[in-house]
Amino acid sequence: EAAVTQSPRNKVAVTGGKVTLSCNQTNNHNNMYWYRQDTGHGLRLIHYSYGAGSTEKGDIPDGYKASRPSQENFSLILELATPSQTSVYFCASGDMGANSDYTFGSGTRLLVI
Amino acid sequence: GNSVTQMQGQVTLSEEEFLFINCTYSTTGYPTLFWYVQYPGEGPQLLLKVTTANNKGSSRGFEATYDKGTTSFHLQKASVQESDSAVYYCVLGEGTGGYKVVFGSGTRLLVSP
């Protein structure tokens with residue numbers, strides 16, 4: 001069954017530390033996305049990718065990097081984590097064409113202390 | 001730019017009542033409109049989509065149509081169940097200049113038995 005799998009499900013990090021969130025998809029989709037979800041802000045796009053080797057800035061990219069080493073994998077990297085990055089992070093995949101819908105992972109809950 | 005507005009932050013109903021959630025959108029292109037649903041502890045998942053104005057989409061007892069004249073998109077269900085309690089997102093997909101989607105802020109539906 002095609003799916004989007006995120007790891008870890010929960011993460012506690014210290015301020016100033018490096019955090020890597022991983023995402024793997026078996027949908028053979030070209031596009032992948034990273035969102036964060038906070039109460040009062042809904043879903044906000046951080047970075048996205050059109051394929052292996054490409055990354056693009058979303059609406060709130062500051063403090064985050066992304067890496068797409070292969071069609072299946074897309075990582076979100078927090079080089080210097082801050083408490084303001086405490087949130088729930090969702091990865092999604094989707095096709096290239098118009099009318100395409102997204103498949104989301106189950107999320108990673110990150111707490112930066 | 002493209003935008004989506006959901007004015008209803010929360011809707012509270014009893015089982016078997018009628019559900020109506022509305023959103024408005026703004027775009028200069030030809031949109032596809034989606035409704036996603038998010039259950040606690042999970043990522044959003046596609047509920048239904050409508051690719052053509054005045055056409056109807058339906059899934060799991062939910063129906064949606066969008067009206068290009070009033071730029072509105074609504075979701076309805078004749079008789080809700082407690083298991084329908086979730087957050088519902090109106091989403092606009094538009095392909096001019098590169099395909100992107102825009103999420104609304106979400107409507108939390110609470111259904112009491």
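Naming: A, B, ... by sequence-line order, numbering from 1 per chain. Keep in mind that the numbers below use all heavy atoms, side chains included, and drop hydrogens, waters and symmetry copies. Everything numeric here is computed off the predicted structure, so don't read it as measured data.
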Treating Ile, Leu, Val, Met, Phe, Trp and Tyr as nodes and any side-chain heavy-atom pair under 4.5 angstrom as an edge, say whether [X] and [Y] lie in one connected cluster.
X	Y	result
Y89(A)	L43(A)	no
Y66(B)	V37(B)	yes
Y33(A)	Y64(A)	no

S83(B): side-chain contact (heavy atoms from CB on, under 4.5 Å) partners, not counting sequence neighbours: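 S83(B) satisfies side-chain contact (heavy atoms from CB on, under 4.5 Å) with Q81(B) only.
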Pairs meeting criterion salt bridge (Lys or Arg N to Asp or Glu O under 4.0 Å) with involvement of residues 28-49 of chain B, two or more places apart: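 Every pair satisfying salt bridge (Lys or Arg N to Asp or Glu O under 4.0 Å) with a residue in residues 28-49 of chain B: D101(A)-K49(B).
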Positions in residues 105-113 of chain A that reach chain B, provided some heavy atom is under 4.5 Å away: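 Hits under 4.5 Å: G105(A), S106(A).
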Gap separating the CZ atom of F34(B) from the OH atom of Y102(A), nearest 0.5 angstrom: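 Here the interatomic distance stands at 8.0 Å.
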Side chain / backbone / both / neither for R44(A) at chain B, heavy atoms under 4.5 Å: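 Nothing of R44(A), per the 4.5 Å heavy-atom cut-off to chain B.
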Structural part of Q37(A) lying under 4.5 Å from a heavy atom of chain B: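 Only the side chain of Q37(A) comes within 4.5 Å of chain B.
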Hydrophobic cluster of F18(B), others only, ordered by chain and residue number, side-chain cut-off 4.5 Å: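 Besides F18(B), the cluster holds F20(B).
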E16(B) atom CD: more than 12 heavy-atom contacts under 6.0 Å: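 Atom CD in E16(B) is not packed in, count stays at 12 or less.
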